[in-house]
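When a ligand or atom number is given, it counts from 1 through the structure's own listing order.
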Amino acid sequence: MISDLWYKNAIIYCLSVGTYMDANGDGVGDFRGLARRLDYLHGLGVTAIWLMPFQTSPHRDDGYDVSDYYSVDPRYGTLGDFVDFTHGAKQRGIRVLIDLVVNHTSDQHPWFKEARRDPDSKYRDWYVWSKKKPGHANTGMVFPGVQKTTWTYDDQARAYYFHRFYEFQPDLNTSHPEVQAEILKIMGFWIQLGVCGFRMDAVPFVIGTKGPKVRKPKEQYDMLRSFREFLQWRQGDCIVLAEANVLPETDMEYFGDDGDRMHMMFNFQVNQHLFYALAAADTRPLVKAMKATKPRPATAQWGQFLRNHDELDLGRLTQEQRQTVFRAFGPEESMQLYERGIRRRLAPMLGGDRRRIELAYSLLFTLPGTPVIRYGDELGMGDELSLKERNCARTPMQWSDEPHGGFTKHDKPVYPVISAGPYGFEHVNAAIQRRHPDSLLNWTERIIRMRKEVPEIGWGDFAVIPMRNSAILVMRYDWRNNSVLFVHNFDAEPHEIAFATGAEGEHGDVLVNLLGTEHSKAGDDGKHHLVIEGYGYRWYRVGGLDYLLRRTDIG
Ligand code: GLC
């Protein structure tokens, strides 16, 4: 396998330009500010940035309602500022992925305005209409509790239009060849401006059939292949990272049997079961999810994550499992959202307990795939539950203890900076944390550095070592004649454990601790015996530190 597939061993950092840094002084973050923080990101060790939507938008869904795909929203700067930023990223070896939101547009997009105004306009067919209200109009909402319907009557068009999301996000008729051609054009445009890939929003809906008679959409997987072919011809190292919260049975349809569709997908299956494991100290469902999502083409990769900008969606857990997670991490109604999830940030969910935060991150960095981290989580930032829906976890980055956390010089940032309380910028900020060797920021930097030296996780094959104690997860990765092994204890109590590494040859007798000084030598029974503290974790190299001398070039 060629080792050029950069996404197999990347560290992806997700951020929103509007909440990162405001260099223009108008209260909103912008590309000039972000460009000035590239050295911080470089120092942290991230190798790719996923930028949330920044195109012109009325901002009724934080930019996921685009009204012009070929522009930068003026509040964030100009196309010139954008290219300065992608250039700066490239100089530091950081790749830029951007959100590609093409399931729907804003209702303020000129295409939609034209479509509703003129039935003969070519844009009419770019959206999905019905003369009569479809019988199933009140089903299939993505935001239950907030969104009432998926078909809304438009007075001007004198017809109902389809919207999978909010009513101001009319769905594009993505089966239409002209719409598909436009999607390619949008990708081509941003590639030319220095972008290296796309986080494709709502992929199952993009490829699903749409229409008044469609009760159960059918996925048109071939579309994914045409997106990929286009990208690969335009720029060989460009990728698509798909947002597709689907069941493991269909994963291969998204990746393509020959790896000819999506390069990467977020692993929602593992994500939800991971939170269950953290809540219940029971790793069995997590192991099941890892095994169920194991099959994938060699060139494909999972994006693993803990929290993102949306709610933590627990919709795939059983009712009982979901209640367990709610009880542990989001017991109050104000912490829950859309009848299925939790809208908090990671640190407050884990009660600010440093041991649990480290455990969660250690896991994220050692799960099969590529870790995707979210801005501010490297500091343990909190949330502001008084902000509506998902906005509570989208507050500005906390840089220092200067006014507004050093995010802006403006008196009134458009998004409030968290202030006062245990997560206020006065205590939780990058400047303070970099002065303390043991801060979460410095811990994150060190763990990222180590993760980059363990390519086995991104490239290799994993095995879960069976344990009698379901609070303990032991995983081994093998790649090119090298093996690494990770131990995680999900329980608050310490446990005495014993396991054989299962690695071939006598190498398995020695485990070299990569993060500490306690190494392990197998006992006479061939097993490693150790006591792992509550919420403890271990990163080991199997054999010794001569692994690079032993590594093979193939396999
Ligand atoms: C995706 C995004 C979410 C957005 C929705 C509509 O699910 O992650 O933030 O609201 O798509 O575009």
Side-chain angles (χ1 to χ4, degrees), residues 12 14-19 50-69 73 97-109 111-112 127-128 140-150 152 161-172 174 179 183 186 198-208 210 217 240-246 254 262 264-269 271-272 303 305-316 337-345 372-375 383 387-395 415:
I12 304 178
C14 148
L15 69 89
S16 157
V17 58
T19 50
W50 152 29
L51 260 189
M52 322 253 316
F54 55 81
Q55 292 83 357
T56 304
S57 158
H59 280 271
R60 295 183 65 193
D61 182 17
D62 212 10
Y64 282 92
D65 47 334
V66 177
S67 57
D68 179 3
Y69 288 98
D73 192 292
L97 310 177
I98 66 170
D99 243 290
L100 181 68
V101 189
V102 290
N103 175 64
H104 45 265
T105 66
S106 156
D107 59 358
Q108 297 308 305
H109 196 293
W111 301 336
F112 189 66
Y127 293 87
V128 186
M141 286 82 73
V142 173
F143 304 122
V146 181
Q147 180 192 353
K148 298 271 169 316
T149 177
T150 49
T152 292
Y161 64 92
F162 175 64
H163 54 90
R164 175 62 70 185
F165 296 88
Y166 297 109
E167 83 287 351
F168 53 81
Q169 290 166 319
D171 265 51
L172 279 165
T174 41
V179 172
I183 294 175
I186 294 167
F198 301 88
R199 178 260 187 197
M200 198 167 184
D201 192 52
V203 175
F205 300 131
V206 173
I207 64 172
K210 309 178 187 190
V240 178
L241 165 54
E243 185 210 20
N245 183 352
V246 293
Y254 284 85
M262 302 284 90
M264 286 186 79
M265 284 213 278
F266 285 109
N267 197 327
F268 283 92
Q269 192 72 17
N271 177 259
Q272 312 197 3
F305 63 105
L306 292 170
R307 288 288 291 113
N308 60 20
H309 63 296
D310 289 325
E311 80 286 2
L312 165 66
D313 186 339
L314 302 169
R316 304 255 181 237
L337 195 61
Y338 309 138
E339 299 157 18
R340 61 167 179 243
I342 298 179
R343 63 191 193 116
R344 307 172 80 191
R345 272 235 191 209
V372 183
I373 58 178
R374 177 154 159 73
Y375 82 93
D383 45 47
L387 298 174
K388 83 173 197 347
E389 292 179 58
R390 292 158 291 156
N391 291 349
C392 59
R394 300 176 178 181
T395 60
Y415 313 94

Ligand 1-proximal atoms of Phe143, by part, heavy-atom distance under 4.0 Å:
side chain
If we only consider heavy atoms of [X], is any one of them less than 4.0 Å away from an atom in ligand 1?
X      : answer
Tyr166 : no
Glu311 : no
Glu389 : no

For [atom], the protein heavy atom that lies nearest, with its residue and separation:
atom                    : value
atom 8 (O) of ligand 1  : Asp310 OD2, 2.5 Å
atom 7 (O) of ligand 1  : Glu243 OE2, 3.0 Å
atom 1 (C) of ligand 1  : Asp201 OD1, 2.7 Å
atom 10 (O) of ligand 1 : Asp61 OD2, 2.6 Å

Determine the sole option in Asp201, Thr174, Asp171 for which the side chain to side chain donor-acceptor pair (under 3.5 Å) test with Asn103 is passed.
Asp171
Using the rule side chain to side chain donor-acceptor pair (under 3.5 Å), only one of Arg343, Arg390, Arg340 pairs with Glu311; which is it?
Arg340
Would you say Ile98 and Phe54 make side-chain contact, with heavy atoms under 4.5 Å?
yes
Tell me whether Thr56 contacts the main-chain N or O of Ser67 through its side chain, where contact means a donor paired with an acceptor under 3.5 Å.
no
Are the ring centres of Tyr64 and Phe165 closer than 6.0 Å?
no
Are the ring centres of Phe162 and Tyr127 closer than 6.0 Å?
no
